[in-house]
Amino acid sequence: MADAVPHSPFARVETQNVDFPALERAILQFWDEKDIFERRKARNAGRPRWSFLDGPITANNPMGVHHAWGRTYKDAYNRYFAMAGRDLRYQQGFDCQGLWVEVEVEKELKAEGKKLDAKRDIENLVPGDEPASIDYFVQRCKDRVDKYARVQTDQSIRLGYWMNWDRGDADWAERPDERKSYFTMSEGNNYTIWSFLKKCHHKGLIYRGYDVMPWCGRCGVGLSEMEMKEGYKLVGHKAAFVKLPLRDRPGENLLVWTTTPWTLTSNVGAAVNPDLTYLKVRLKDEVYYVAKGAFKLNRMEGGGDEDEPTPAAKKKTRDWLDGVPHLPSIEQHFKSKAGKGASYEVVGEVKGADLLGLAYRGPFDGLPAQNHEYGFPEEVAKVTRQGGQWPAVTAAAAHKVIDGGKDVTETEGTGIVHTAPGCGQIDYGWGRANGLPPVAPIDDAGTFVDGFGPLEGMNAADPATAEVVFEELKKADRLFATERYVHRYPHCWRCKTELLYRLVDEWFINMGPRNTEEGFRGDIMKVVDRVTFLPESLNGRARERDWLWNMGDWMVSKKRFWGLTLPIWVDDQDPTDFEVIGSREELKERAVEGWEEFDGHTPHRPWVDKVKIKNPRTGNLMSRIPDVGNPWLDAGIVAYSTMPADWRPADFITESFPGQFRNWFYALLAMSTMMSDGQEPPFKTLLGHGLVKDQFGKDMHKSEGNSIEFVAAADTGGTVRDAKGNPQPFAAIGADVMRWLYCRQNPAGNVNFGPDPADEVRARFILKLWNCYGFFCNYAALDGFDPGLPQVPACERADIDRWLLSDLQLLIKTARAAFERYDVMAFCLAAEEFVDAKLSNWYVRRNRDRFWSKTAELDEAGRRDKRAAYQTLHTVLLDLCRLCAPVIPFLTEVMWRNLRAGAGAESVHLTDYPAADEELVDAGLSEEMEAARGVVSLGLTARNAAGVNVRRPLAGLRVRPAGDAGRRAVDRFAALIADELNVKQVSLAEEPLLRRSAALNPKTAKARFKGKPEPAAAALAGMDPEAVAADLAAGMFALLGVPLTADDVILTEAAPGGWAGASDKGTQVAIDTRITPELRAEGLARDVVRFVQNARKDAGLDVADRIELFLGTDAELRAAIDAHWPTIAAETQAVRRLDAPPADGFTAAVAVDGRPLTIALRKV
RNA sequence: GCGCGUAUAGCUCAGUUGGCUAGAGCGCAGCUCUGAUAAAGCUGAGGUCCUUGGUUCGAAUCCAAGUACGCGCACCA
């Protein structure tokens, strides 16, 4: 460039094809090299604390994009509070123990060719050596956790999540207890849970219990409700109607129905609903009891247990499988059994209440299992006897009709429910309430144990077993009918095996009586009342309380291998005598055997199993139960196991909420309540957020190919499917785009993630911010702007500068308030509005010529004004960097490093969060600018309505503002409005500018006036439109006696001849559309400028290049060009006007308003 | 079945304490502007603010009932 430009400290900025992910990676390196994180921590050390507790991430696989939502929140709030000067802990955690890891390790082992079809195969990985097998398996689980914890660490760092990470091999060689992140498998974590369980035991809350729960025979493990819900499938089973003869009424039978025939071996009771009416149906020489409502019911119409008759249209047909015959009614069963020509006969009706207590003979009373006091097998009987709720009877002797209450309906089965307390949850409850002892037929592989005669050794899930049951029933004349039945039945989510309901021996924490606020349950509720749940709309406290109110006792045991070893030692001779050990030291003290073997190992299986203690009461040895713990114990203890006392309670936690009210949130609250004796909540504020869905709002599933790996989104790019299901490759999205996308979301809902939403976020915010930054830097560099010059006092800057600074202060206030109340979305939406509407589309656009002006051509005032513009934009960009730094730490760092121009902090993350400067706030000015923008918008509307380009200058604009702000705006910003709308003059009007007119809405007119709207239309035409409008607004307008609403009348506003108008919320504008020859010439000249600019661009010239210009055209256009040549020359950087095209120039032929124009230009 | 929540444009969603003509983005149609622009602006079509009733001068907003969907709990013989 010819002019001598002072050196500028600003680097030029690329605004096309920016590779944001690459910039981010460079920033990661910068942070490392300059120790930025350590320096941030050092700056804040010793200042007031802000305590964050990180919920542990399951270290079992690489991260997906769904992990990034919560982790973005965690980091954004951490960074905000760090910039706000608080001291933080920065400890992140890994969830290590549990079945999820076992599942993956099983897959690994299988892939290595190991035989692994059942749980027992794990115990035989080292053939014949169970402890060695378990040790190997547990070690593999530990290894897998380490491997993926490390992967997740690297990925979290890539996301920008600032934590005290374990980085090098040396860090990872440490024991989990010594690492910087916490690991739930650490000894500290496990022993702290021991102390929790011991505390529970002190209060008498730990008990060994039997309950019936869904069980997978292949995995040998019980499934929780959560796990069960994932495995429902529609399947067909053989169902049976079975006769239960009443002891004291010969020839009379209860008729029961079941879809699980194998449970008939364990039948103990029959439940009726006392309020229902039962029919006595005679068939041949026997009588059967069946619920009246069930008898003729169409059993293919599902889901109808309502009292009111349902409208036929609403009745839904039951889901059914092809090829399975539809169900007959019970009546049809009777008819078909009656045989040709014969029929059944209803011989009476009784109330269910009248059947209660009747004894009957069971279907398998000959089995040893049915003839054992207190139930079967022996272990079960032992517990039942000690429970004290059962009398000393055998199952066979206990058979009777019991009260099932409303749980017994007549819409399914016969209205009499076969009850097997050893095979069903509700049955177990009924059994306990009615003294029916439980008979538990199957072992942990799902096979019949001894005591079940012909069924011994058979698997309950095997269809052949049902056939054997039927054979036995037939022999005893107990089988009334069988049929194929289709229903949704739970399956194991891992191996797809049908689940069986099984009475199992598990360990529980007594939570206190259900549906009360008593006991442990009540203590937790009191703590819940002291924490804040966000976002408010989720009603988190109510959800948590609802769960606490309804939950059952906490089953803490799991019959698996990898996990917390429950510190429960049981007397070898007496299964009811147990102790809970609270620490490693206590165990060492109590150990009488096996300590040497255990010593030096983590408290995991199989090592801790070797330790035996002595029962002080009996002198017997006590052995640890083989169970491992519920993994929510691991995660729930972390408030105590990882946070020093002086950091408790945590100020803040945040996690995805679905499921967590009964999982992590619950475990955390429950365990902290116990550990602090109800004194202290684990956290003060909880922010929940929803789920990450794909870009169409569907659940992400690996199997459906719509989930996105974190690494793909951050760095490598990947492929998803588009709306039509075709593969849609996408480029890397980068961390900041992802982070902004998550932060701008409403946490109460789900977020749709994918390349399309990412593009939208990038275009709508990231690029706008970047372009404003690029504009500043590129002109500052070109111009040699020196940021070290003295600041022009704000009061001496242009209105638009002071307006932008004022609105910036408002944004700062919004930002601080939003972060303080954990509402980063409010900040993001406000920042987007500021950058888009105010900075990019108003301030930068309105002020471009101030930045373009040539310093050398300006007078002192002009130079000062230019400096003010640079300083204003510079200040705003610097503050925006700091404001947005918690959300988009990379991009703001890139910008900051250039914008700071060698002064100030080396990193934006070493700065303080901005504080608003009240002196810069000018509410009146903000209001006026807002009004001015409204007037401009209306003016553009008016131009558009008149069909006149903005390039064509017009003579005048009249404005009738609705209020005082508008009036002040027109006074103050007349020049701005005139310029923006390309009019010569802007003036205020006191009188209405637009004339209203009223017409009938043709859509409704015919209906209102019975097909003849013409007279009404004529009457309306004769009325005063203003009065019509007023009456309509008041809701009291009538025409020819017909009342009309605002929908019936179309009110329009128009400006008088030669003007075009528009109005909004009471503000009216009218623009003079009459074009004089002078205005026309000026407009043509502007067209010429635009075409020349295009030609320059096409010729590949730089903005600063000067040209010689030839313009060949007709007389009128030439006259316009002559009249406005100085403007054209200045705008297009033309130093000379040529009379003929230059020989070696760039030439373009265009049409200006229909006139030919030849442009020829040459760089000089 | 019990409890909680949600319902606003074709899609994704904003809408503070009730207030005048209910908004944004994307998509669609048309127009415009443009040497910071992967841009942007304007206009249009598209709304029973789920329905009904109530409170109020006034309801998308508050209250009640209903419907649909989601979630939690219980259950699925």
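Chain naming here is simple, since letters A, B, ... match the order of the sequence lines and numbering starts at 1 in each. Only heavy atoms go into these numbers, but all of them, side chains included; no hydrogens, no water, no symmetry mates.
- Note on A/E760: only backbone sugar-phosphate atoms sit closer than 4.0 angstrom, heavy atoms only; bases stay farther off.
- Atoms OH (A/Y773) and P (B/A39) sit 21 Å apart, rounded to a whole Å.
- Contact check for A/L769 versus A/M895: side-chain heavy atoms found under the 4.5 Å cut-off.
- Atom CG in A/N778 sits roughly 19 Å away from atom P in B/A39 (whole-Å rounding).
- Within the nucleic acid shown, A/V13 has no heavy atom closer than 4.0 Å to any nucleic acid atom.
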Exercise for review: Under the side chain to side chain donor-acceptor pair (under 3.5 Å) rule, what do A/Y773 and A/N898 come out as? Steps first, then yes or no, please.
Suggested key: CA-CA 10 Å; A/Y773 157 74; A/N898 192 9; 3.1 Å; yes

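- Here B/A77 presents its P atom at 18 Å from CG of A/L276, a figure rounded to the nearest Å.
- On a pure distance criterion of 3.5 Å, a polar donor-acceptor pair joins the side chain of A/S840 and the base of B/A36.
- For B/A14, one of the phosphate oxygens OP1 or OP2 lies less than 4.0 angstrom from a side-chain nitrogen or oxygen of A/N746.
- One atom, CG of A/D849, and another, C1' of B/U34, lie 14 Å apart when rounded to the nearest Å.
- OP1 or OP2 of B/C73 lies within a sub-4.0 Å distance of a side-chain N or O belonging to A/R662.
- For B/A36, one of the phosphate oxygens OP1 or OP2 lies less than 4.0 angstrom from a side-chain nitrogen or oxygen of A/R848.
- Counting distance only, with no hydrogens placed and no angle test, the side-chain atoms of A/R845 and the base atoms of B/G41 include no donor-acceptor pair under 3.5 Å.
- With RNA chain B read from its 5' end, the first of the two nearest nucleotides for A/R514 and A/T260 is the one closest to A/R514.
- Side-chain proximity of A/R764 to the nucleotides B/G25, B/G72, B/G41 is greatest for B/G25.
- Spacing between atom CZ of A/F533 and atom P of B/G72 amounts to 17 Å, rounded to whole angstrom units.
- Comparing B/C33 with B/C28, their P atoms sit 22 Å apart, to the nearest whole Å.
- Listed candidates were B/C75, B/G41, B/U37. Nearest to the side chain of A/T15 is B/U37.
- Following rounding to the nearest Å, A/E832 (CD) and B/C26 (P) show an atom-to-atom distance of 12 Å.
- Scanning for side chain to side chain donor-acceptor pair (under 3.5 Å) contacts around A/H874 gives an empty result, with sequence neighbours left out.
- For A/T258 and B/A77, the shortest distance from a side-chain N or O to OP1 or OP2 is not below 4.0 Å.
- B/U55 and B/G23 have their C1' atoms separated by 27 Å, with the value rounded to a whole Å.
- Whole-Å rounding puts the A/N841 CG to B/A24 C1' distance at 14 Å.
- Aromatic pair A/Y779/A/F785: centroids not less than 6.0 angstrom apart.
- Distances from the side chain of A/D546 to the nucleotides B/U12, B/U34, B/G3 place B/G3 closest.
- Residue-to-nucleotide contacts include a donor-acceptor pair under 3.5 Å from the side chain of A/T409 to the base of B/A77.
- Going from the C1' atom of B/C50 to that of B/C69 covers 11 Å, rounded to whole Å.
- B/G41 and B/U52 are spaced 37 Å apart, taking the P atom of each and rounding to whole Å.
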Exercise for review: Convert the base pairs of RNA chain B into dot-bracket notation, remembering that pairs crossing earlier ones are written with [ ] and that bases paired across to another strand are shown as |; include only Watson-Crick or G-U pairs under 3.5 Å.
Suggested key: (((((((..((((.....[...)))).(((((.......))))).....(((((..]....))))))))))))....

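- If you look at A/F775 and A/F851, their ring centroids are closer than 6.0 Å.
- Considering only side-chain atoms of A/N771, the nucleotide from B/C75, B/A40, B/A36 that sits closest is B/A36.
- Among the atoms of the strands shown, only primed sugar atoms or phosphate atoms (P, OP1, OP2) are found under 4.0 Å from some heavy atom of A/N750.
- Of all nucleotides listed (B/C73, B/U34, B/A36), B/C73 comes nearest to the side chain of A/W547.
- A/F665 and A/W547 have their aromatic ring centers separated by at least 6.0 angstrom.
- Electrostatic pairing of A/R845 and A/E980 counts as a salt bridge here, judged by a charged N lying under 4.0 Å from a carboxylate O.
- Between B/G46 and B/U32, the two C1' atoms lie 23 Å apart (nearest whole Å).
- Close to B/A36, at under 4.0 Å from its OP1 or OP2, lies a side-chain N or O of A/Y779.
- Comment: A/D546 does not engage A/R543 in a salt bridge, judged by the lack of any side-chain N to carboxylate O separation of less than 4.0 angstrom.
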**Study point:** Full working for side chain to side chain donor-acceptor pair (under 3.5 Å) between A/Q745 and A/H689
**Key:** CA-CA 9 Å; A/Q745 268 301 316; A/H689 63 88; over 6 Å; no

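- Only the P atoms considered, B/G47 is 14 Å distant from B/A22, to the nearest whole Å.
- In this structure A/P757 satisfies the side-chain contact (heavy atoms from CB on, under 4.5 Å) test together with A/Q695, A/L741, sequence neighbours excluded.
- Between A/W842 atom CH2 and B/C33 atom C1' the separation is 14 Å, expressed in whole Å.
- Here, B/A24 and B/A14 have their C1' atoms 7 Å apart, quoted to the whole Å.
- Listed nucleotides B/C75, B/A38, B/A77 differ in distance to A/Q425; the shortest reach to its side chain belongs to B/C75.
- Each of A/L940 and A/L829 has a nearest nucleotide on RNA chain B; the 5'-most of these lies closest to A/L829.
- For A/V417, taking side-chain heavy atoms from C-beta onward, the closest of the listed nucleotides B/A36, B/A77, B/U12 is B/A77.
- For A/R1090 and B/C33, the shortest distance from a side-chain N or O to OP1 or OP2 is below 4.0 Å.
- Across B/G15 and B/A74, the matching P atoms stand 34 Å from one another, rounded to whole Å.
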